[in-house]
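These notes are about the structure you will find just below.
Both counts, for ligands and for their atoms, begin at 1 and track the order of listing.
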Amino acid sequence: MSGRTVRQYLQMLASAGIRHLPTVRLPAPAPKPGRGPTTVQRRPAPDATAAPSSTALMSKSTVRVPEARADAAELLNQSFDTQEAKTSALCSLSKMVADCRRCSELADSRTQTVFGVGNPNARIMFIGEAPGADEDRQGEPFVGPAGQLLNKIITASGWKREDLYICNVLRCRPPGNRNPLPQEAANCREFLDGQIRIVDPDYIICWGTVAAQNLLNVETAVGKLRGRFLSYGRAKVLCTYHPSYLLRNESAKKLVWEDMKFFLKELESADA
Ligand code: URA
């Protein structure tokens, strides 16, 4: 088994909420020769405006696991009402992601896919933009400098990272950390919607313009979306600035803290 395969496998288990993993030191992957042209493979894009369907719910609590390459739709056409069912479905979906080559440029340049991490039963889901260099290397979202800042926000809000579910609009690193192309976001949408459908969070926080605009299918700047709850399916959605933006614009930190206080107040009244 290659180092890359082991890394992907450990990442899939972690993505599915299996946290007790051995620490494996692996050599850095060799650079890939002869990258292809900078095009994305054209496939029919999933309907980015569709809210997660509740009509697809069935009364089973066990999860049929289709072949890794089977359409995610088959996997998602079930109910995920136990932690076990959610863990198993996330694991299957992450295998499909690891095999995905819909965006050929990203698939050629990635070290590995970055599926998502956290509690499969999380009440709160975080959505970011796309993996950066650190995430691409480690296979986990938000582990670089933006992730360190996000961790501080998580702690200041009284949460632990493992209580949340964290993922991105894209599961592959765009070269040079450029913004995701619309076609790339559309190609990855099935996986994002799958994660939302499986975890079924009460709340989603979109970190930054890319996450907010893609999830909600709007063109409004994040500065105009923040400060109120929007909705996606049954989840309440709060949009705020991306931690990377805060690293460049110190003065925006107080706005994000206002957003977090607004969010915490909502949680408090929901729990009252
Ligand atoms: N920025 C993101 O949006 N996501 C990550 O995972 C890391 C940095």
Query raised in the report: ligand 1 and F142, any nitrogen or oxygen pair closer than 3.5 angstrom?
Result: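 F142 vs ligand 1: N/O contact under 3.5 Å present.
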
Query raised in the report: Do any nitrogen or oxygen atoms of N168 lie less than 3.5 angstrom from nitrogen or oxygen atoms of ligand 1?
Result: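 Min N/O separation from ligand 1 is below 3.5 Å for N168.
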
Report task. For atom 5 (C) of ligand 1, grab the closest protein heavy atom and report residue, atom and distance to one decimal in Å. Result ->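 Of the protein heavy atoms, A130 O, 3.4 Å lies nearest.
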
Determine, for [X] against [Y], whether the closest basic-nitrogen to carboxylate-oxygen distance falls under 4.0 angstrom.
{"X": "D108", "Y": "R101", "result": "yes"}
{"X": "D163", "Y": "R123", "result": "no"}
{"X": "R137", "Y": "D134", "result": "yes"}

Please identify which atoms of ligand 1 are closer than 4.0 Å to at least one heavy atom of [X].
{"X": "P141", "value": "6 (O)"}
{"X": "G128", "value": "3 (O)"}
{"X": "H242", "value": "1 (N), 2 (C), 3 (O)"}

Query raised in the report: ligand 1 versus E129, non-hydrogen atoms closer than 4.0 Å: side chain, backbone, both, neither?
Result: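 Under 4.0 Å from ligand 1, E129 contributes backbone and side-chain atoms.
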
Requested in this report: Examine Y203 together with W159 and report whether their ring centres are nearer than 6.0 Å.
Outcome: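 No, ring centres 6.0 Å or more apart.
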
Query - Check: F229 ring centroid to F262 ring centroid under 6.0 Å - result: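 Yes; F262 has its ring centre under 6.0 Å from that of F229.
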
Query - Sole residue of R171, R110, R102, R178 in salt bridge (charged side-chain N to carboxylate O under 4.0 Å, His left out) with E184 - result: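 Result for salt bridge (charged side-chain N to carboxylate O under 4.0 Å, His left out) with E184: R178.
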
